[in-house]
Amino acid sequence: MTAFWIILTGSLVAICCSLLGSYLILRRMAMVGDAISHAVLPGIVLAFLFSGSRETLPMLIGAACLGVFTTVIIELFHQKARLQSDAAIGITFTWLFAIGIILISFFADNIDLDQDCVLYGEIAMVPLDMIVSATGWQFGPRPVWILGFTLLLIITFISIGYKGLFITTFNPEYAKAIGISTVFWHYSLMSAVSLTTVVSFESVGAILVVAFLIVPPATAYLIVDDLKKMLILSSIFGLLSAISGYYLAYLINGSIAGAMATMTGVFFTIVFIFQKIRTKNATQVPNF
Amino acid sequence: MENIALETHNLTVSYNRKPVLWNVDFKLPAGQIIGIIGPNGSGKTTLLKSIMGLTPLSSGYVEIFGQQLNEVRSRISYVPQKESVDWDFPASVMDVVLMGRYSPKNLFKRISKKDKDIAAEALEKVNLLEFSNRQISQLSGGQQQRVFIARSLTQNADLFIMDEPFVGVDAATEQAILKLMQEMKEKGKTVIVVHHDLQTAKDYFDWIVLLNTRLVASGPKADIFNEELLQEAYGGKLNVLSKVGELVRQNDFPIREKQRK
């Protein structure tokens with residue numbers, strides 16, 4: 001049963017991240033996902049500090065707001081200070097992440113959180129955090145419920161906002177010209193990424209969230225020709241990485257989150273090589 | 001001029017404190033094919049962007065059909081430069097053309113059968129119907145441009161604003177676009193096109209706006225093509241200047257390579 005809960009947690013994180021990551025990649029914002037996943041750290045620490053416990057919903061949302069705040073600062077540096085966007089990203093997230101690290105070391109006595117846990121996650125501990133009813137019935141681990149709810153939110157967001165996300169991703173200028181707010185869709189997506197990062201950090205860690213945000217969508221991008229297929233396929237790659245990662249960790253007796261992230265890279269490499277061979281063998285069709 | 005499609009009033013746009021457009025003031029007639037011509041970096045694209053509200057104005061205003069942009073947005077169709085998007089995007093030709101049917105009102109609704117019919121009809125007009133399920137990365141430059149034109153046709157607009165639609169397209173596409181523009185004109189629509197090629201400008205357009213950061217001239221093409229104005233617009237660009245001289249010498253500008261790639 002332990003294995004089941006760990007794999008389920010990993011899979012939920014992987015699917016949440018893969019769905020949102022597809023949009024990040026297509027918007028050439030993969031590194032913004034990286035930035036958010038680091039910059040929510042001070043938010044998480046402060047949330048712990050104030051609430052004294054994990055996973056109270058208002059605190060999660062508070063921490064997620066910090067992620068959105070990060071993207072606001074990045075935009076500000078980029079637009080107003082005329083800094084290159086990658087430099088703006090670099091300044092913002094390293095700075096916020098460093099503050100988070102200081103907060104952890106400073107308040108180490110008061111909160112049940114350490115650097116290792118934040119960076120690499122403790123997915124193996126997930127099954128210990130059971131929700132138990134008064135009658136002793138176990139409802140399953142708390143993180144699974146939270147992640148499940150997050151996934152539901154994301155799927156709803158993507159299916160309702162499909163057209164808005166599509167047009168503002170493909171051709172933002174045209175979207176603006178017909179009166180669709182690109183700012184609204186930008187920050188909606190950023191909020192979703194922030195929320196996902198905050199709720200997943202505990203299981204896979206702040207850094208490894210990035211692997212799930214970027215690698216499965218990039219793998220899918222290599223082979224698809226349609227956005228819907230890209231969303232589905234990147235979820236499948238995420239799911240496969242989570243499952244195979246668990247057994248890889250079991251085999252080598254290593255970090256589960258690390259093994260899951262490693263598997264995303266393995267799948268990418270396999271697909272990349274497969275794709276190279278396929279295009280080499282395919283005869284070039286002349287384009288009229 | 002009684003029927004005015006577009007008016008810019010003392011329009012100034014600057015980027016990094018450097019003016020890109022300086023005090024541009026003109027009125028354009030409705031129901032004509034209008035070319036905005038000028039050398040590279042003369043602010044042609046910026047002018048279109050400021051008309052579409054995509055660029056903040058330093059001063060001045062734009063009126064379309066005598067109204068503010070937001071009131072007439074649904075009557076305007078904007079065709080951006082085809083280089084402005086990523087053609088490797090995982091989308092089919094149909095997906096892109098259907099975007100023309102999007103509006104702030106129906107953004108959360110599903111795409112209807114009617115939208116699909118309109119999109120198919122537009123694809124038929126640009127001769128791309130059999131490509132509708134193809135991924136956009138598999139198209140040639142001319143086909144990409146025609147996809148953009150088809151998308152704008154589905155909007156059923158009264159004013160079409162196109163940014164360099166003739167760049168990097170094949171002769172067939174060029175003819176197809178010209179024919180569509182004529183059809184639009186016959187239906188009483190106004191077409192505004194940014195164009196950089198002086199040699200073809202006289203054949204394509206009824207009305208010409210010469211731009212070089214400042215407005216050099218705006219009027220019916222017969223009034224615009226004279227040595228003085230062209231030199232003013234293109235002055236300083238030596239190789240272009242010699243081309244202008246040659247054009248002016250021949251007076252009626254017959255040079256035109258039809259099969260230009």
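None of the values given here were measured: they were computed from a predicted structure. Reminder, nothing fancy here: chain letters follow the sequence lines and each chain counts from 1.
The greatest number of non-hydrogen atom pairs below 4.5 Å with chain B, out of Glu173(A), Lys228(A), Met230(A), Lys229(A), is found for Glu173(A). Between chain A and the residues Phe108(B), Tyr78(B), Tyr102(B), the most heavy-atom pairs under 4.5 angstrom are made by Tyr102(B). Residue with the most contacts toward chain A among Ile161(B), Val85(B), Asp88(B): Val85(B) (heavy-atom pairs, distance under 4.5 Å).
Geometric assessment of Arg151(B) against the ring of Tyr174(A) yields a positive cation-pi assignment under the 6.0 Å and 45° thresholds. By the 6.0 Å and 45° rule, Arg82(A) stacks over the aromatic ring of Tyr15(B).
Lys176(A) places no side-chain N or O within 3.5 Å of a backbone atom of Met52(B) that could act as its donor or acceptor partner.
With a 4.5 Å cut-off on non-hydrogen atoms, Tyr221(A) touches chain B through its side chain but not through its backbone. Both the backbone and the side chain of Asp95(B) come within contact range of chain A, with heavy atoms under 4.5 Å apart. Only the side chain of Ile136(B) comes within less than 4.5 Å of a heavy atom of chain A; its backbone N, CA, C and O stay farther away. At a 4.5 Å heavy-atom cutoff, the contact between Pro104(B) and chain A is made by backbone and side-chain atoms alike. With a 4.5 Å cut-off on non-hydrogen atoms, Thr169(A) touches chain B through its backbone and its side chain both.
The number of heavy-atom neighbours closer than 6.0 Å to CH2 of Trp22(B), taken from other residues, nucleotides and ligands shown, is 12 or below. Atom OH of Tyr187(A) is surrounded by more than 12 heavy atoms from other residues, nucleotides or ligands within 6.0 Å. Within a 6.0 Å radius of CD in Glu183(B), other residues, nucleotides and ligands contribute more than 12 heavy atoms.
A salt bridge does not link Arg134(B) to Asp225(A): none of the charged nitrogens lies less than 4.0 Å from a carboxylate oxygen.
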Is there a side chain to side chain contact (heavy atoms under 4.5 Å, CB included) between Asn106(B) and Lys163(A) once you walk through the steps? CA-CA 9 Å; Asn106(B) 71 12; Lys163(A) 282 164 84 181; 3.7 Å; yes

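Atoms CD1 and OH, from Ile111(B) and Tyr162(A) in turn, are 8.0 Å apart once rounded to the nearest 0.5 Å. Atoms NZ and CG, from Lys82(B) and Asn171(A) in turn, are 13.5 Å apart once rounded to the nearest 0.5 Å. Note that CD1 of Ile178(A) is 11.5 Å distant from OG of Ser152(B), once rounded to the nearest 0.5 Å. In this structure, the separation between NZ on Lys109(B) and CD1 on Ile160(A) is 14.0 Å, given to the nearest 0.5 Å.
Here the closest heavy-atom approach between residue Val224(A) and residue Gln135(B) is recorded as O-OE1, 4.3 Å.
The aromatic rings of Phe166(A) and Phe89(B) are tilted relative to each other, their planes meeting at an angle between 30° and 60°.
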